[in-house]
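Take a look at the structure set out below.
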Amino acid sequence: MGADAFGAPLALAQRGGLGGGPHPHSPVFRVQVPYVGASARQVEHVLSLLRGRPGKTVDLGSGDGRIVLAAHRCGLRPAVGYELNPWLVGLARLRAWRAGCAGSVRYHREDLWKVSLRDCHNVSVFLAPSVLPLLEDKLQAELPAGARVVSGRFPLPTWQPVAVVGEGLDRVWAYDIHRGGPAGQAVPGPSSASVLGTPNSQNG
Ligand SMILES: C[S@@+](CC[C@H](N)C(=O)[O-])C[C@H]1O[C@@H](n2cnc3c(N)ncnc32)[C@H](O)[C@@H]1O
């Protein structure tokens with residue numbers, strides 16, 4: 001899916017036509033993000049870049065909760081989702097309940113722009129390219145040193161990834177936060193699926 005199909009036009013955003021109503025004070029009021037679930041491969045790639053990492057894991061714009069549930073199942077705990085659309089929050093909770101994880105994973109109906117990320121060590125995003133410049137600012141301002149951000153389908157616009165996994169629509173980029181901001185070690189090469197660094201070796 002291209003950027004144009006993913007980013008909601010202003011008129012639709014103002015009508016609250018896609019993906020849950022934006023908060024009027026949110027930057028997303030201008031550039032809203034529709035719901036598109038991550039593919040199974042995309043979820044696998046997200047987990048491959050986060051597996052084994054300690055600390056709180058969050059999915060910003062958690063949709064039906066698939067990434068949060070998968071993260072919890074692979075041992076990333078606590079795993080928390082923040083999602084604006086109440087129907088998707090309800091669906092995520094139902095799926096967690098069906099999976100026997102109702103008391104373990106948490107889904108909050110919250111505007112991701114208002115959530116503090118200061119205690120988050122692993123952050124997953126799958127959002128429209130139009131909001132990613134704003135998101136970079138928020139991540140850089142709030143995340144602690146050692147945190148990792150993984151972005152599905154669309155890379156963060158100015159950060160350098162430490163790892164890239166997958167191809168095409170399933171591709172996921174990883175970024176590590178160091179004191180003073182994100183510091184990637186390399187840029188993606190021509191290969192369609194490459195790992196640029198050992199994910200856990202970049203922490204600290
Ligand atoms: C492309 S979907 C990704 C869903 C899920 N992360 C996944 O990978 O399957 C983006 C999600 O972000 C949600 N969203 C958009 N703006 C948001 C905001 N300001 N706060 C919280 N969630 C938001 C949308 O409702 C949608 O469910």
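Note that ligands are numbered from 1 as they come in the structure, with each ligand's atoms numbered from 1 the same way.
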Evaluating non-hydrogen atoms only, which member of Phe126, Tyr35, Tyr82 is closest to atom 1 (C) of ligand 1? Phe126
Give the contacting part of Ser62 toward ligand 1: side chain, backbone, both or neither, where contact means a heavy-atom distance below 4.0 Å. backbone
Charged N to carboxylate O under 4.0 angstrom, Lys138 versus Glu142? yes
Could you check whether any heavy atom of Gln42 sits closer than 4.0 Å to an atom of ligand 1, since that is the contact criterion I want to use? no
Identify, by atom number and element, the atoms of ligand 1 in contact range of Trp113, meaning under 4.0 Å from any of its heavy atoms. 19 (N)
Using modelled atom types and a 3.5 Å cut-off, is there a donor and acceptor pairing between side-chain atoms of Ser39 and backbone atoms of Gln42? yes
Please confirm whether Gly37 approaches ligand 1 to less than 4.0 Å, judged on its heavy atoms. yes
Closer than 4.0 Å to some heavy atom of Asp111 - which atoms of ligand 1 meet that? 18 (C), 19 (N), 20 (N)
Between Val131 and ligand 1, which part of the residue brings a heavy atom under 4.0 Å of the ligand: side chain, backbone, both or neither? neither
Atom indices of ligand 1, in the order listed, that fall short of 4.0 Å to a heavy atom of Asp59: 5 (C), 6 (N)
Sequence neighbours excluded, the answer for side chain to side chain contact (heavy atoms under 4.5 Å, CB included) partners of Glu136 is Leu156, Pro157, Thr158, Trp159
When you compare ligand 1 with Leu60, is there at least one nitrogen or oxygen pair between them that comes in under 3.5 angstrom? no
Within the side chain of Arg106, is there an N or O that forms a donor-acceptor pair under 3.5 Å with the backbone of Val80? no
Checking the side chain of Glu83 only, and the main-chain atoms of Gly63 only, is there a donor and an acceptor separated by less than 3.5 Å? yes
List every atom of ligand 1 that sits less than 4.0 Å from any heavy atom of Leu127, numbering the atoms from 1 in the order shown and giving each element. 12 (O)
Check the pair Leu84 / Glu110 against side chain to side chain contact (heavy atoms under 4.5 Å, CB included), numbers first and verdict last. CA-CA 5 Å; Leu84 207 52; Glu110 293 225 31; over 6 Å; no
Once you restrict to heavy atoms under 4.0 Å, what part of Asp64 touches ligand 1? Side chain, backbone, both or neither. neither
Can you check side chain to side chain contact (heavy atoms under 4.5 Å, CB included) on Leu135 and Leu112, steps first, answer last? CA-CA 10 Å; Leu135 188 70; Leu112 68 88; 4.1 Å; yes
Closest non-hydrogen contact found for Leu47 with Cys74 is CD2-SG, 3.9 Å
Give the atoms of ligand 1, by number and element, whose distance to some non-hydrogen atom of Ala38 is under 4.0 Å. 7 (C), 8 (O), 9 (O)
Looking only at heavy atoms, is any part of Pro34 under 4.0 Å from ligand 1, and if so is it the side chain, the backbone, or both, or is it neither? backbone
Does Leu169 offer a backbone N or O that forms a donor-acceptor pair with the side chain of Arg153 under 3.5 Å? yes
For ligand 1, which atoms, with element, lie under 4.0 Å from some heavy atom of Val33? 10 (C), 15 (C), 24 (C)
Using atom types as modelled, flag every donor-acceptor pair under 3.5 Å from a side chain in residues 86-98 to any protein atom, sequence neighbours excluded.
unit_1	atom_1	unit_2	atom_2	d
Arg93	NE	Tyr107	O	3.3
Arg93	NH2	Tyr107	O	2.6
Arg95	NH1	Asp64	OD2	2.4

Would you kindly specify which portion of Leu88 sits under 4.0 Å from ligand 1, judged on non-hydrogen atoms: side chain, backbone, both or neither? side chain
Please identify which atoms of ligand 1 are closer than 4.0 Å to at least one heavy atom of Glu110. 20 (N), 21 (C)
